[in-house]
Amino acid sequence: MSSFYLTTPIYYASGEPHIGHAYTTILADVIARYRRRAGRDVLFLTGTDEHGQKIQEAAAAQGMSPLELCDLMAGRFEAAWAELGISHDRFIRTTEAEHRAVVTALLERLRDNGHIYEAEYAGWYSVGQERYFTEKEIGPDRVDPIAGEPVERIREKNWFFRMSLFQERLVRHIEDYPHWIVPATRRNEVLGFLNQPLADLSISRPRSRINWGIPLPWDDAQVCYVWVDALTNYVTASGAIDPAAPKEERGFGDPRPARWPADVHLIGKDILTTHAVYWPTLLMGADLRLPRKILAHGWWVVGDTKMSKSLGNVVDPLDLRERFGTDAVRWYLMREMPTGQDASYTPDRFLTRYDQLANILGNLVHRTLSMVKRYRGGIVPGGSADGLARETEEALEAYHEGLGGYRLHEGFAAAMSLARRANGFVESQEPWALARDPNRSGELDRTLATLVRTLAVLAAMFEPVVPAKARELATRSGLDGVPRFAELRTLEVGELAVTPGTPLFPRVEARPGSFG
RNA sequence: GCCGGAGUAGCUCAGUUGGUCAGAGCAGCGGAAUCAUAAUCCGCGUGUCGGGGGUUCAAGUCCCUCCUCCGGCACCA
């Protein structure tokens, strides 16, 4: 069984989980579930980024140690993911001993390879905020964006990574692999960015300012700055590096099959540069392979503005969940947002997408199982179930193309269209008329068996996005569980005992504007 | 300013290498049916494919130009 390794970013533990985190993580979960159903041995990684000044300050402000705060926040994220049905295999924390050891090993490797040097870092420092701000943050007036006080240009000793050394190689890689960064618009941005000379990357900060971090193995007065610390989590969790081994046997430069490289890094478009420039060059510097794909997704916007807490226009997915259920929220997020692009949230669209689930899929399930019960005592007739064969083939093909090609919205549209075709099949077969005519009993058997078989296919197709409902669908259809794709071809539905029960997606009378 | 992307039915958008490409879903209007959550199914869209010019037998689909909108331009997680 071939393996598949996918990651979300690790989320910074200074804030609560929000829609942005939830979207990325659900996206990853859907892909992970899809790959598992397709027979892959999946490693799905998520976690929290726990070092740095903000954590240090936030902990102090709340009278806690940094680690206590991180324990608390990591728990919040894990609880949120449990509620959203996330099936990650590993939740990594950058404060774990294993991760700290791998980061240390990576830093040593970079230094041994001659890619690290000491130099002065110059930046715009705010004495009041005790931190550096970027050019963008301070604006033309050169004041810190929080207190509005002037910032000053100061210099301090830092260790640098020779990122510039790898610029050419990186550009060539991006050009050689057109689908390495998707969508294409993000790829263009990176290429545009790399059109200018790449500077080297500062990778440390003096411990006198920030002590909540991983010390550099060769300079105890400096801690590792965020990039190397956070990004390395992907390698840590892959298990490719054994930091306890002698230097030459730790796994750097090792081409043997392993979890590394990752098949895909899922990220928001805000951290594109770190993942498409910093990270690959760091990997090159350490003789590690590059991830196979970087998928940057878009933002949820309200009207024309990004959702943000300060604007007060945040829609908390957990709130929607209370009324519509977790699976409905997942469906909306995956179906409404074209993978990689921005999408606009409106209550109206949410309800439309929910109605789709209830009316097209949910109703198909209910009417099918009800007819099996009414006309055949709840036992699926044996014999032929070969209706809708062409429609099913077509839908599966489009579905795999969508899910496999990271156009999830298209894949799920194909799944829904199969449910539509099945409803059309019911109309054209008129089982209720067949049931009144004893001479057409065989045709009714075939119709019902076809419909149940289609439900099994739909359970498999929908499981990645609405896992709990798909499981229920399978169970009610009399199956032991949701079938894998490979099992669909030979699946027998005859003699299964079905349970109509109450609707899978009950009608919700909520009207637009009434949530959150 | 520089680079990149987008402007197609009321809304959200599909439209490979130019020639049934003028489409889908939603909304709207009309009809059918009753197994089902009044849930379904069928039928109905002459829209200057942002404006103008050009190439071609033929252009949303290529070239030029203009207009509008969006994104990126690094140590920010």
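A, B, ... follow the sequence lines: proteins, then strands. Residue 1 opens every chain.
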Please tabulate, one pair per line, all N/O donor-acceptor pairs under 3.5 Å involving side-chain atoms of residues 274-286 of chain A, not counting sequence neighbours.
unit_1, atom_1, unit_2, atom_2, d
A:Thr274, OG1, A:Ile271, O, 2.8
A:His275, ND1, A:Ile271, O, 3.0
A:His275, NE2, A:Tyr234, OH, 2.7
A:Trp279, NE1, A:His265, NE2, 3.1
A:Thr281, OG1, A:Val277, O, 2.8
A:Thr281, OG1, A:Tyr278, O, 2.8

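- Between B:G52 and B:G10, the two C1' atoms lie 27 Å apart (nearest whole Å).
- Think of the region where chain A sits on RNA chain B: with heavy atoms and a 4.0 Å cut, that region ends 5' and 3' at B:G4 to B:A77.
- Residues satisfying the ring pair (Phe, Tyr, Trp, His ring centres under 6.0 Å) criterion with A:Phe462, sequence neighbours excluded, are A:Trp331.
- In RNA chain B, consecutive stretches of 3 or more Watson-Crick or G-U wobble pairs with both distances under 3.5 Å are given as paired ranges: B:1-7 with B:67-73, B:10-13 with B:23-26, B:28-32 with B:40-44, B:50-54 with B:62-66.
- Between A:Phe350 and A:Trp300, the distance separating the two ring centers is not shorter than 6.0 angstrom.
- In this structure, the ring of A:Phe161 has its center less than 6.0 angstrom from the ring center of A:Phe166.
- Here the rule is side-chain hydrogen bond (donor to acceptor under 3.5 Å, both in side chains) with A:Arg93, and of A:Asn233, A:Asp49, A:Asp71 only A:Asp71 fits it.
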Hey, can you pull the donor-acceptor pairs under 3.5 Å for the side chains in residues 429-439 of chain A, sequence neighbours left out?
unit_1, atom_1, unit_2, atom_2, d
A:Gln429, NE2, A:Thr447, OG1, 3.0
A:Asp437, OD1, A:Asn439, N, 2.9

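- A salt bridge is absent between A:Glu50 and A:Arg100; no separation between the charged side-chain nitrogens and carboxylate oxygens falls under 4.0 Å.
- Comparing A:Thr352 and A:Val226 by the nucleotide of RNA chain B that holds the closest heavy atom to each, the one mapping nearer the 5' end is A:Thr352.
- Among the atoms of the strands shown, only primed sugar atoms or phosphate atoms (P, OP1, OP2) are found under 4.0 Å from some heavy atom of A:Asp49.
- Checked against ring pair (Phe, Tyr, Trp, His ring centres under 6.0 Å), A:His173 has the following partners two or more places apart in sequence or in another chain: A:Tyr177, A:Trp180.
- Remark: the separation of the C1' atoms in B:U8 and B:U68 is 16 Å, to the nearest Å.
- No engagement by A:Tyr11 is indicated, since no non-hydrogen atom pair under 4.0 Å with the nucleic acid exists.
- Between B:G60 and B:G47, the two C1' atoms lie 12 Å apart (nearest whole Å).
- Taking the side-chain contact (heavy atoms from CB on, under 4.5 Å) definition, one finds that A:Thr475 meets it with nothing, sequence neighbours left out.
- Heavy atoms of A:Leu364 sit nowhere under 4.0 angstrom from any nucleic acid atom.
- Taking the six-membered ring where the residue is Trp, the centroids of A:Phe77 and A:Phe91 are separated by 6.0 Å or more.
- Near RNA chain B, defined here as any heavy-atom distance below 4.0 Å, the residues from residues 413-424 of chain A are A:Arg420, A:Asn423, A:Gly424, listed numerically.
- A search for side-chain contact (heavy atoms from CB on, under 4.5 Å) contacts involving A:Arg376 returns A:Pro381, A:Ser441, A:Leu444, A:Asp445, A:Leu448, not counting sequence neighbours.
- Within 4.0 Å (heavy atoms only), A:Ile271 reaches at least one base atom of the nucleic acid.
- The same atom, C1', is picked in B:U16 and in B:C57; the two are 23 Å apart, to the nearest Å.
- Residues of residues 199-213 of chain A that place a heavy atom closer than 4.0 Å to RNA chain B, in numerical order, are A:Ala199, A:Asp200, A:Leu201, A:Ser202, A:Arg205.
- For A:Trp432 and A:Leu198, each mapped to the nucleotide of RNA chain B holding its nearest heavy atom, the one lying further toward the 5' end belongs to A:Trp432.
- The glycosidic torsion of B:G60 lies within 90° of 0, which places this base in the syn conformation.
- Within 6.0 Å of NZ in A:Lys373 there are 12 or fewer heavy atoms belonging to other residues, nucleotides or ligands.
- The closest donor-acceptor contact from the side chain of A:Arg330 to the backbone of A:Val466 lies at 3.5 Å or more, if one exists at all.
- Annotation: side-chain contact (heavy atoms from CB on, under 4.5 Å) contacts of A:Asn158 (sequence neighbours excluded): A:Tyr121, A:Glu156, A:Phe160, A:Ser202, A:Ser204, A:Arg205, A:Pro206, A:Gln222.
- In the region residues 182-192 of chain A, proximity to RNA chain B at under 4.0 angstrom, judged on heavy atoms, holds for A:Arg186, A:Asn188, A:Glu189.
- Residue contacts shown for A:Tyr12 are limited to sugar-phosphate atoms, with no base heavy atom under 4.0 Å away.
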